[in-house]
Visitor: 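This is the structure, below, for whatever I ask next.
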Amino acid sequence: MLDVIQTELNQGVRKMAESSLIKKLNEQGISKSDLINDKFEELLLLEIDIIKNDGKEVGTGIAVGIGISFLTGGLL
């Protein structure tokens, strides 16, 4: 069951990364077909890492915010 959830999350992240990468390439006047498949996959892996790191930062920020809320709520 956890394998299925992990697979779905990985597919979702990959779709988000692909969409984001294509948008960034289009903004620079480059289409996906201009790149060889290996280069696109390399850029896609980098974009996946960016999305994963952004998610970790957001999660950490939420955890810190909740912790501060508990501390200040408990002190007042």
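Numbers here are sequence positions counted from 1. All values below come from the heavy atoms of this structure, side chains included, with hydrogens, waters and symmetry mates left out.
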Visitor: Nearest 0.5 angstrom please: K52 NZ to N10 CG, how far?
Guide: 5.5 Å
Visitor: Would you check if K32 and E18 make a side-chain contact, meaning some heavy-atom pair closer than 4.5 Å?
Guide: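 K32 vs E18: side chains touch.
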Visitor: Considering non-hydrogen atoms only, spot the tightest contact between E47 and A17 and give its length.
Guide: CG-O, 3.4 Å
Visitor: Atom NZ of K39 and atom CD of E42: how far apart are they, to the nearest 0.5 Å?
Guide: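 So the gap between those two atoms works out to 4.0 Å.
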Visitor: Is any side-chain heavy atom of N37 less than 4.5 Å from a side-chain heavy atom of E41?
Guide: yes
Visitor: Does L44 belong to the same Ile/Leu/Val/Met/Phe/Trp/Tyr cluster as M16, with side-chain heavy atoms less than 4.5 Å apart forming each link?
Guide: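 Yes; tracing contacts between hydrophobic side chains, which count when under 4.5 Å, links both residues.
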Visitor: Check the pair Q6 / D3 against side chain to side chain contact (heavy atoms under 4.5 Å, CB included), numbers first and verdict last.
Guide: CA-CA 5 Å; Q6 184 64 49; D3 291 338; 5.6 Å; no
Visitor: Check whether S19 reaches the backbone of K15 with its side chain - one donor and one acceptor, N or O, closer than 3.5 Å.
Guide: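 No: the side chain of S19 does not pair with the backbone of K15.
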Visitor: Of the options L45, D34, L21, which is the one that meets F40 in a side chain to side chain contact (heavy atoms under 4.5 Å, CB included)?
Guide: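 By the side chain to side chain contact (heavy atoms under 4.5 Å, CB included) criterion, F40 pairs with just one of L45, D34, L21: L21.
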Visitor: Working to the nearest 0.5 Å, report the span between CG of L25 and OG of S31.
Guide: 8.5 Å
